[in-house]
Amino acid sequence: MLEIQKIRSNKEQIIEALNKRFFPAEKFIQELLDKDNQWRKNKTELETITSELNKFAKNIGELMKNGQKELAEQEKEKSKKIKEKESELKSVVEELEKEIQLLLYQIPNTPNELVKAGKSAEDNEEIFTQGQIPKLHEKAVPHWDLAQQYNLINFELGVKITGAGFPVYLGKGAKLQRALIQFFLDEACNAGYEEYMPPIVVNEASGFGTGQLPDKEGQMYYMPADDLYMIPTAEVPVTNIFREVLLPDENFSFKMCAYTPCFRREAGSYGKDVRGLNRLHQFDKVEIVRIEHPDNTAKALEEMLEHVKNLLMKLELPFRILRLCGGDMGFSSAMTYDFEVYSAAQQKWLEVSSVSRFDTFQSNRLKLRFKTKDKKTVLCHTLNGSALALPRIVAALLENFQDEKGIKIPKALIPYTGFDRIEH
RNA sequence: GGUGGGAUGGGUGAGUGGCUGAAACCAACAGUUUGCUAAACUGUCGUACGGGAAACUGUACCGCGGGUUCGAAUCCCGCUCCCACCGCCA
């Protein structure tokens, strides 16, 4: 959620920034500011009247105490009329507040100055590439065939137990999952991120805090009996640790990581995009989350990018980094970098990580703030990124490292898997 | 699931209709004293929003939402959460 104070004072810059998303900013911002003006006018008037009523009440109390009953009654009569006016104004103010809130919820974050204008994924900028695209043998197949051939993942079994998008991992397939989770967590801890194991269901307030609610509730699985949501990412519970937190000074920097399963309804997805591990309803992910002083955000983002790069290099996967254009970024993000690995048998790039800075957009909703040296209350910045999401990594590993006889495990992972090849 | 108790500022905790944005104590911060530490003393010490260049000022907030009243932390109604004990269970 954008800060209303900033919209008041930086109207033009904000509209310009939002235009990079092809969001109809002009209309929204103007309407918002008109409502805000009305609100402030009415609010001031209301408070003047309330103040008057408070004086009446005090005065009447005095009169009663002194036994001047008749005078008191007269004053009561006078205050009645003012009170009518008060309740009228009150409902106007409340209505305006609701409308302003509603508008604010619908306005996405303002893109960072580095972000280019653009409508879709085609306008994303490739800013970095690394690694060689492997040459596969002639009979190379996509990962869903490999998974079946070597009995690593059983998709049909998942359908039987739950439904499409809930695969069953078994044997070395299951061990590979466990190895990757452990590997990613160790790497994150070594980079100074503190490990958390949060709940994987959250309440409504948490969904709201990170911006999934009220708009994107279709994305989450919902349990009406208990009014709880399954998390779509560890970002939700971990960031909400800091909901309604006021940090006492400026010397803070929180680096957290968490492994959780993630649940996404992915309503509307279909076709080859959802084949095999490409898009699942349940998947595993290690997430890194940072709470930073605004001055430190740019540096923190760089560090996170380096961290994810490092993971992919250790896994020996070819990858590229894209800086998303305005139109392709998530609602809450000010700037997002996507990491894509090349999956050689499918011959396509798969998104495996998304690293974003949100600046004050989340912290404004979360009420996550700190005190400056001169005792001012200021919103913190939040950042997060996947480090990493498993399924597409597994897809790329299987596809890229296959040969005629089996699948090789990258060196860095062998200590975690306990085997160096997958064979019959 | 059953029964009972509770929710007040960073913490403990007083407050049953106006003198309470809220006692007292603790913690924290600043200062005085001191060779240093400690102690003592003095002062400061909630959040949000509005108005104002600022000093400052207005309003709201005692779990949440409604009601009664000229006036509510205090009375009434509904809800949520927490704690304890019992039952069931990993």
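Chain naming here is simple, since letters A, B, ... match the order of the sequence lines and numbering starts at 1 in each.
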**Student:** Going by heavy atoms in the side chains, are A:F183 and A:L315 under 4.5 Å from each other?
**Tutor:** yes
**Student:** Are A:L398 and A:L152 close enough that some pair of their side-chain heavy atoms sits under 4.5 Å apart?
**Tutor:**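 The answer is yes; the side chains approach within 4.5 Å.
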**Student:** Taking B:C62 as the reference, what is the distance to B:G15 when you measure between their C1' atoms (whole Å, please)?
**Tutor:**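 My reading of the C1' atoms in B:G15 and B:C62 gives 11 Å.
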**Student:** Between B:G71 and B:U20, how far apart are the two C1' atoms, rounded to whole Å?
**Tutor:**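 So the two C1' atoms sit 13 Å from each other.
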**Student:** Check A:E302, A:H307, A:E303 against A:L305 for a side-chain contact (heavy atoms from CB on, under 4.5 Å) and give me the one that passes.
**Tutor:**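 It is A:E302, the one option of A:E302, A:H307, A:E303 that forms the side-chain contact (heavy atoms from CB on, under 4.5 Å) with A:L305.
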**Student:** Will you find, in the side chains of A:T239 and A:Q362, an N or O donor that is under 3.5 Å from an N or O acceptor?
**Tutor:**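 No - no donor-acceptor pair under 3.5 Å links their side chains.
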**Student:** Do A:E52 and A:K55 meet the salt-bridge criterion of a basic N to acidic O distance under 4.0 Å?
**Tutor:**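 Result for this pair is no, no salt bridge flagged.
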**Student:** Provide the Watson-Crick or G-U wobble partner of B:U80, both distances under 3.5 Å; none if there is no partner.
**Tutor:** B:A7
**Student:** Using the C1' atoms only, state how far B:G11 lies from B:G46, rounded to an integer number of Å.
**Tutor:**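 These two C1' atoms come out 14 Å apart once rounded.
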**Student:** Both A:E94 and A:R8 contact RNA chain B. Taking the nearest nucleotide for each, which residue is further toward the 5' end?
**Tutor:** A:R8
**Student:** Mind calculating the distance between CG (A:L246) and P (B:U47) to the nearest angstrom?
**Tutor:** 7 Å
**Student:** My understanding is that a pair needs two contacts under 3.5 Å, Watson-Crick or G-U wobble. By that rule, which nucleotide pairs with B:A60?
**Tutor:** B:U47
**Student:** What integer number of Å spans the P atoms of B:G52 and B:C45?
**Tutor:**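 Roughly 26 Å separates the two P atoms.
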**Student:** Choose from B:G50, B:C70, B:U47 the nucleotide whose nearest atom is closest to any side-chain atom of A:E47.
**Tutor:**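 Closest nucleotide to the A:E47 side chain: B:G50.
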**Student:** Measure the distance from CD on A:E250 to C1' on B:C29 and round it to the nearest whole Å.
**Tutor:** 16 Å
**Student:** Need one value for A:N54: base, sugar-phosphate or nothing, where a base atom within 4.0 Å counts as base even if backbone is also close, heavy atoms only.
**Tutor:** sugar-phosphate
**Student:** For A:E244, answer base if it contacts any base atom (sugar-phosphate contacts may also be present), sugar-phosphate if it contacts only those atoms, and nothing otherwise; contact means non-hydrogen atoms under 4.0 Å.
**Tutor:**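 Contact class for A:E244: none.
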**Student:** Closer to the 5' end of RNA chain B via nearest nucleotide, is it A:A57 or A:T377?
**Tutor:** A:A57
**Student:** Roughly how far apart, to the nearest Å, are B:G21 and B:C49 at atom C1'?
**Tutor:**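 Pairwise C1' distance, B:G21 against B:C49, rounds to 16 Å.
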**Student:** Just N and O in the side chain of A:R40: are any of them under 4.0 Å from OP1 or OP2 of B:C49?
**Tutor:** no
**Student:** Under 4.0 angstrom, heavy atoms only, what part of the nucleic acid is A:T48 near: base, sugar-phosphate, or nothing?
**Tutor:** nothing
**Student:** Is the distance from OP1 or OP2 of B:U47 to the nearest side-chain N or O of A:K371 less than 4.0 Å?
**Tutor:**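 So the side-chain polar atoms of A:K371 do come within 4.0 Å of the phosphate oxygens OP1 or OP2 of B:U47, strictly under.
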**Student:** Salt-bridge test for A:K78 and A:E75: reply yes if a basic N is under 4.0 Å from a carboxylate O, no otherwise.
**Tutor:** yes
**Student:** Can you tell me the base-pairing partner of B:C85? Count Watson-Crick or G-U wobble geometry only, both distances below 3.5 Å, and say none if there is no partner.
**Tutor:** B:G2
**Student:** What distance, rounded to whole Å, do you find between the two C1' atoms, one in B:A7 and one in B:C79?
**Tutor:**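 Looking at atom C1' only, B:A7 and B:C79 are 14 Å apart.
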**Student:** Given that both distances must come in under 3.5 Å, which nucleotide forms a Watson-Crick or G-U wobble pair with B:G31?
**Tutor:**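 Pairing partner, where one exists within any strand: B:C41.
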**Student:** Does A:K83 put a side-chain nitrogen or oxygen below 4.0 Å from OP1 or OP2 of B:G71?
**Tutor:**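 Yes, such a contact exists.
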**Student:** State the pairing partner of B:A23; accept Watson-Crick or G-U wobble contacts with both distances under 3.5 Å, and report none otherwise.
**Tutor:**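 WC or wobble partner does not exist here.
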**Student:** Rounded to whole Å, how long is the line connecting atom NZ of A:K76 with atom C1' of B:U69?
**Tutor:** 8 Å
**Student:** Expressed as a whole number of Å, how far does the P atom of B:G6 sit from that of B:A90?
**Tutor:** 34 Å
**Student:** At less than 4.0 Å, is any side-chain N or O atom of A:Q5 found next to OP1 or OP2 of B:C49? Yes or no.
**Tutor:** yes
**Student:** Let me know the distance between CG of A:L228 and C1' of B:C81, rounded to the nearest Å.
**Tutor:** 14 Å
**Student:** Please determine if A:E31 and A:K35 form a salt bridge, counting it only when a charged side-chain N lies under 4.0 Å from a carboxylate O.
**Tutor:** yes
**Student:** Using the P atom in both, what is the distance from B:G9 to B:C64, to the nearest Å?
**Tutor:** 10 Å
**Student:** What is the distance from CD of A:E86 to P of B:G71, rounded to the nearest Å?
**Tutor:** 9 Å
**Student:** Please give the nucleotide sitting opposite B:C70 as a Watson-Crick or G-U wobble pair, both distances under 3.5 Å, or none.
**Tutor:** B:G18
**Student:** Among the nucleotides B:G50, B:U47, B:U59, which one has an atom lying closest to any side-chain atom of A:T50?
**Tutor:**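 Of the options given, the side chain of A:T50 lies nearest B:U59.
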**Student:** With the threshold set at 4.0 Å, does a side-chain nitrogen-carboxylate oxygen contact exist between A:K43 and A:E47?
**Tutor:**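 Between A:E47 and A:K43 there is a salt bridge, with a charged N closer than 4.0 Å to a carboxylate O.
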**Student:** Specify the separation, in whole Å, of atom CD of A:E75 and atom P of B:G71.
**Tutor:**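 Interatomic distance, CD of A:E75 to P of B:G71: 14 Å.
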**Student:** Calculate the interatomic distance between A:L46 atom CG and B:G50 atom C1'; express it in whole Å.
**Tutor:** 10 Å
**Student:** Within the pair A:S51 and B:G58, is there a side-chain N or O less than 4.0 Å away from OP1 or OP2?
**Tutor:**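 For B:G58, OP1/OP2 do not have a side-chain N/O of A:S51 under 4.0 Å.
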**Student:** Rounded to whole angstrom units, what separation is found between the CG atom of A:L71 and the P atom of B:C70?
**Tutor:** 17 Å
